[in-house]
Amino acid sequence: MSKEQVKAIETDKFYDETEKYVVYETKVAGFPVLLVYYFINNQCNEARYIINIEHSNLTDFVDDYKKLKGLLSKVYGSTIFDEEIWKGDLYKDDPEDYGMAIATGDLFYYSTWENDKTQITMELGGDNYKVDHFIIFYERKDLLNLANSIKEEEDLKGL
């Protein structure tokens, strides 16, 4: 769909817009999220749900991740990738501190599902004592190569 088509059918609360994306506020499985539609050549190539929650107990983010992972698995079946990536092992032996491990950047969760047309990825990560990366991506498989090429060009321009 084009940006105009997305805007015409989207019923959630408008939040922001640029040439490359349009953002809405909504909820997914009871979680407040920003829903971001990304466009390449005026075609929607990706939608992201950016989970917008705060927790005083950082391990609650891990519980939320597992809840959403379970819901996504019910819809899309088994994951094709399901990673728990450790960069440091200070908190590795204490699951009660996994939230802190995420907030310090020592732990990163990554799960991926796919169907015929879409790759679905969920990530949970953080840095500097803050969980700042809790996202679900829906990417069109037929535009993945084009999206990656454009991203590489933009990265090179930034050098």
Side-chain angles (χ1 to χ4, degrees), residues 10 12-16 18 20-40 44-141 143-145 147-152 154-156 158-159:
E10 185 58 64
D12 291 315
K13 182 181 175 191
F14 176 81
Y15 183 81
D16 193 16
T18 71
K20 294 182 182 182
Y21 62 80
V22 62
V23 185
Y24 295 89
E25 291 179 299
T26 189
K27 289 190 179 232
V28 169
F31 294 98
V33 299
L34 293 176
L35 170 55
V36 185
Y37 293 97
Y38 289 88
F39 299 89
I40 294 176
C44 184
N45 70 300
E46 179 181 335
R48 293 184 188 182
Y49 290 102
I50 302 170
I51 292 83
N52 192 15
I53 55 173
E54 297 289 329
H55 288 299
S56 56
N57 180 348
L58 295 173
T59 302
D60 289 343
F61 285 102
V62 176
D63 296 336
D64 293 343
Y65 180 89
K66 289 178 180 178
K67 176 184 176 182
L68 288 170
K69 180 179 159 192
L71 293 172
L72 287 167
S73 292
K74 283 182 181 178
V75 174
Y76 299 108
S78 298
T79 57
I80 58 170
F81 295 105
D82 193 13
E83 301 291 331
E84 183 178 286
I85 301 166
W86 286 91
K87 295 178 185 173
D89 59 3
L90 179 62
Y91 304 104
K92 197 170 189 175
D93 294 330
D94 190 358
E96 293 293 318
D97 285 330
Y98 281 12
M100 181 59 77
I102 289 167
T104 61
D106 285 348
L107 175 59
F108 183 78
Y109 284 104
Y110 177 90
S111 298
T112 301
W113 300 259
E114 69 178 5
N115 60 29
D116 292 342
K117 296 181 180 181
T118 309
Q119 180 172 296
I120 304 98
T121 302
M122 184 170 60
E123 299 177 352
L124 175 61
D127 199 16
N128 293 321
Y129 296 94
K130 185 172 183 351
V131 175
D132 61 2
H133 188 82
F134 195 177
I135 300 175
I136 302 171
F137 302 82
Y138 288 80
E139 299 173 282
R140 283 180 49 181
K141 289 167 70 173
L143 292 178
L144 279 174
N145 288 337
N148 290 334
S149 295
I150 290 171
K151 184 178 180 332
E152 285 177 16
E154 288 174 353
D155 289 346
L156 289 172
L159 293 178

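The chain is numbered in sequence order, starting from 1.
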### Query
Do V33 and N52 touch side chain to side chain, with heavy atoms closer than 4.5 Å?
no
### Side-chain (T121) to main-chain (F137) donor-acceptor, under 3.5 angstrom
no
## Note on the structure
Residues F39 and V22: closest non-hydrogen pair is CE1-CG1, 3.8 Å
### Query
Under 4.5 Å between any side-chain heavy atoms of E139 and E46, yes or no?
yes
### Task
Identify the two heavy atoms, one from D12 and one from E25, that lie closest to each other, and give their separation to 0.1 Å.
CB-O, 3.4 Å
### Query
Do the side chains of M100 and Y129 get nearer than 4.5 Å, heavy atoms only?
yes
### Task
May I ask you to decide if the ring planes of Y65 and F134 are parallel, tilted or perpendicular, using 30° and 60° as cut-offs?
tilted
### Task
First locate atom OH of Y38, then atom SG of C44, and finally report the distance between them rounded to the nearest 0.5 Å.
11.0 Å
### Task
Compare every heavy atom of I120 with every heavy atom of E114, then report the nearest pair and how far apart it is.
CA-CD1, 4.3 Å
### Query
Which residue pairs pass the salt bridge (Lys or Arg N to Asp or Glu O under 4.0 Å) test with at least one member in residues 61-70, sequence neighbours excluded?
K69-D82
### Chi angles and distances behind the side chain to side chain contact (heavy atoms under 4.5 Å, CB included) call for W113, M122
CA-CA 9 Å; W113 300 259; M122 184 170 60; 4.2 Å; yes
### Message
Using 0.5 Å steps for rounding, measure from the CG atom of L107 to the CG atom of D97.
### Response
11.5 Å
### Summary
Closest non-hydrogen atoms of Y98 and K92, given as atom of the first, atom of the second and distance, are OH-O, 3.1 Å
### Minimum heavy-atom distance between W86 and A101, given as atom pair plus value
CZ3-CB, 3.7 Å
### Query
Does CZ belonging to F14 count more than 12 external heavy atoms closer than 6.0 Å?
yes
### N/O donor-acceptor pair under 3.5 Å between N115 side chain and T118 backbone
yes
#### Entry: For P95 against T59, the heavy-atom pair lying closest together
O-CG2, 3.9 Å
### Query
Between the main-chain N or O of K130 and the side-chain N or O of N128, is there a donor-acceptor pair closer than 3.5 Å?
no
### Task
Name the orientation class of the two ring planes belonging to Y49 and Y138 (parallel below 30°, tilted from 30 to 60°, perpendicular beyond 60°).
perpendicular
### Query
Just wondering, do T104 and L90 contact through their side chains at under 4.5 Å, heavy atoms?
no
### Task
Check whether any side-chain heavy atom of Y15 sits under 4.5 Å from a side-chain heavy atom of L35, and report yes or no.
no
### Task
Answer yes or no: is there a side-chain heavy-atom contact under 4.5 Å between L58 and I102?
no
### Message
Let me confirm one number: the CD-OH distance from Q119 to Y76, rounded to the nearest 0.5 Å.
### Response
12.5 Å
### Query
Going by heavy atoms in the side chains, are F61 and I53 under 4.5 Å from each other?
yes
### Message
Does the plane of the ring in Y24 sit parallel, tilted or perpendicular to the ring in Y37? Use 30° and 60° as the thresholds.
### Response
perpendicular
### Task
Working to the nearest 0.5 Å, report the span between CD1 of I85 and CG of D106.
13.0 Å
